[in-house]
2 protein chains.
Amino acid sequence: MENTEDVRPKRRGPAPLDAFDRRILAALAADADRSYAALGEIVGLSPPAVHERVKRLKRSGVIRDTVARLDGTAVGKPLMAFVHVEAAGWGKSERLMQIARFPEVEELHSVAGDASVILKVRMENPQALEFLLGQIHSLAGVRGTRSYIALSTYLDRPVQAEVTTEWPNVPLPPE
Amino acid sequence: MENTEDVRPKRRGPAPLDAFDRRILAALAADADRSYAALGEIVGLSPPAVHERVKRLKRSGVIRDTVARLDGTAVGKPLMAFVHVEAAGWGKSERLMQIARFPEVEELHSVAGDASVILKVRMENPQALEFLLGQIHSLAGVRGTRSYIALSTYLDRPVQAEVTTEWPNVPLPPE
DNA sequence: GTTGAAATTAGCCGTCT
DNA sequence: AGACGGCTAATTTCAAC
């Protein structure tokens with residue numbers, strides 16, 4: 001055979017995740033406070049094997065980081081809101097990025113839709129939100145904002161490793 | 001003295017967080033993969049003292065859990081979107097709650113504003129979003145939805161223990 | 001990937017400051 | 001309430017198979 005080594009050299013892009021990887025990721029996304037031994041029991045591997053895979057998944061960036069999730073109310077931020085920012089020009093100005101410096105701002109996305117940027121913020125009270133909105137409005141090119149204050153949070157979980165497979169037509173099991 | 005024991009018995013509500021607690025929470029929210037010895041160095045306490053506090057913070061619920069945060073694209077969900085659901089009656093129907101069963105749904109909040117419910121979803125492709133929107137529209141009382149597809153995510157971090165104190169007038173440091 | 005052993009670390013006493 | 005010492009059990013980590 002000749003000339004096969006440059007056609008799809010080995011694999012392009014990141015290594016695909018096998019069933020073991022998926023199970024490890026699902027387990028760690030649900031609770032990262034687990035020993036490799038416990039993980040091994042869950043996914044069906046030995047502790048060193050799990051350790052090896054976790055190390056690889058971290059290196060490759062599949063696992064971004066592992067963090068403690070705090071209770072917003074307990075740390076003095078009972079008020080959560082999404083803020084839609086409508087920018088005149090093109091949403092991503094360097095100045096706008098600066099609002100990420102506020103610890104109250106947790107997420108910042110540019111989006112397609114009738115908003116240029118969506119922020120997720122969490123703060124002490126409405127006054128703090130008012131102040132932040134003032135800061136945003138003071139930026140050049142900001143046409144307006146719309147805020148959606150959370151009344152209740154029914155679900156708040158990290159990225160799930162699982163995907164919906166029974167597809168289509170899983171007509172939402174009644175109750 | 002008489003009759004002082006029922007007036008503010010000791011303390012009501014959760015114990016307030018002191019400066020050490022704040023530092024511990026900030027460190028763990030940024031990276032939960034730390035030994036108590038390392039944490040102690042950061043916050044200025046001995047390992048046992050840190051251990052004691054972390055245990056208390058977990059018991060009291062200030063630390064909800066510690067999780068691995070996965071890369072959406074790497075797990076096959078490159079498409080993130082916020083979906084606003086406008087419900088006819090009162091947003092929180094039991095049926096609507098059932099969409100939390102989809103692993104693609106990460107957050108579900110009822111909000112004040114011109115949307116009854118806001119969902120954060122992450123999925124494989126637009127077809128998957130179309131399917132999910134179909135499921136939502138099939139629910140009784142759903143008047144309509146508006147979707148905001150994320151083009152770029154500039155910030156995505158957990159609840160921060162810090163709060164903005166230099167307040168008001170921190171005019172967003174120029175670059 | 002598995003097994004088995006070594007080096008760290010976690011977890012838990014006391015007691016002292 | 002925290003520091004310190006030591007102690008045991010558990011976990012991480014590295015070795016060989």
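Source: prediction; values computed, not measured.
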Checklist line | Test item: side-chain donor near acceptor, A:Glu104 and B:Thr164, under 3.5 Å | finding: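 Checked: A:Glu104/B:Thr164 side chains pair up, N/O donor to acceptor below 3.5 Å.
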
Next item on the list: May I ask you to check whether B:His137 and B:Gln135 show a side-chain donor-acceptor distance below 3.5 Å?
Entry: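 No.
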
Test side chain to side chain contact (heavy atoms under 4.5 Å, CB included) applied to [X] - qualifying residues, sequence neighbours left out:
{"X": "A:Ser46", "result": "A:Pro48, A:Ala49"}
{"X": "B:Glu106", "result": "A:Val159, B:Lys120, B:Arg122"}
{"X": "A:Ala112", "result": "B:Leu151"}
{"X": "B:Arg53", "result": "B:Asp18, B:Phe20, B:Asp21, B:Ile24, B:Leu45, B:Arg56"}

Show me the donor-acceptor pairs within less than 3.5 Å that the side chains of residues 71-80 of chain A make with the rest of the protein, sequence neighbours left out.
residue	atom	partner	partner atom	Å
A:Asp71	OD1	A:Thr73	N	3.0
A:Asp71	OD1	A:Ala74	N	2.7
A:Lys77	NZ	B:Gln160	O	2.8
A:Lys77	NZ	B:Glu162	O	2.7

Next item on the list: Describe, in one word, how the ring planes of A:His84 and B:His84 are oriented to each other, choosing from parallel (under 30°), tilted (30 to 60°) and perpendicular (over 60°).
Entry: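 If you compare the ring of A:His84 with that of B:His84, the planes turn out tilted.
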
Next item on the list: List in numerical order all residues of residues 36-58 of chain B for which some heavy atom is under 4.0 Å away from an atom belonging to DNA chain C.
Entry: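 Nucleic-acid contacts, sorted: B:Tyr36, B:His51, B:Lys55.
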
Next item on the list: Residues of residues 23-32 of chain A with any non-hydrogen atom less than 4.0 angstrom from an atom of DNA chain C: list those, numerically ordered, please.
Entry: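 Nucleic-acid contacts, sorted: none.
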
Note to self: Taking any atom closer than 4.0 angstrom to a non-hydrogen atom of chain B, what span of DNA chain D does the protein reach, first nucleotide to last?
What the structure shows: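 Contact span on the strand: D:dG2 to D:dA3.
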
Check: Can you list the residues that meet the salt bridge (Lys or Arg N to Asp or Glu O under 4.0 Å) rule with A:Arg146, with sequence neighbours excluded?
Finding: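 None.
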
Note to self: Taking ring pair (Phe, Tyr, Trp, His ring centres under 6.0 Å) as the definition, give me every residue that meets it alongside B:His51, ordered by chain and number, with sequence neighbours left out.
What the structure shows: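 Only B:Tyr36 meet the ring pair (Phe, Tyr, Trp, His ring centres under 6.0 Å) criterion with B:His51.
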
Margin query: Expressed as a whole number of angstroms, how long is the span from B:Arg34:CZ to C:dT9:C1'?
Written below: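 My rounded result for the distance is 17 Å.
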
Next item on the list: Give, for atom CG of B:Leu25 and atom CG of A:Leu70, the distance between the pair rounded to the nearest 0.5 Å.
Entry: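 If I round to the nearest 0.5 Å, the distance is 5.5 Å.
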
Margin query: Reading 5' to 3' and counting Watson-Crick or G-U wobble pairs with both distances under 3.5 Å, write the dot-bracket notation for DNA chain D, | for bases paired outside the strand.
Written below: |||.||||||||||||.

Next item on the list: Any pair with a residue in residues 24-47 of chain B that passes salt bridge (Lys or Arg N to Asp or Glu O under 4.0 Å), sequence neighbours left out, goes on the list, sorted by first then second residue, please.
Entry: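 Residue pairs with at least one partner in residues 24-47 of chain B: A:Lys58-B:Asp33.
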
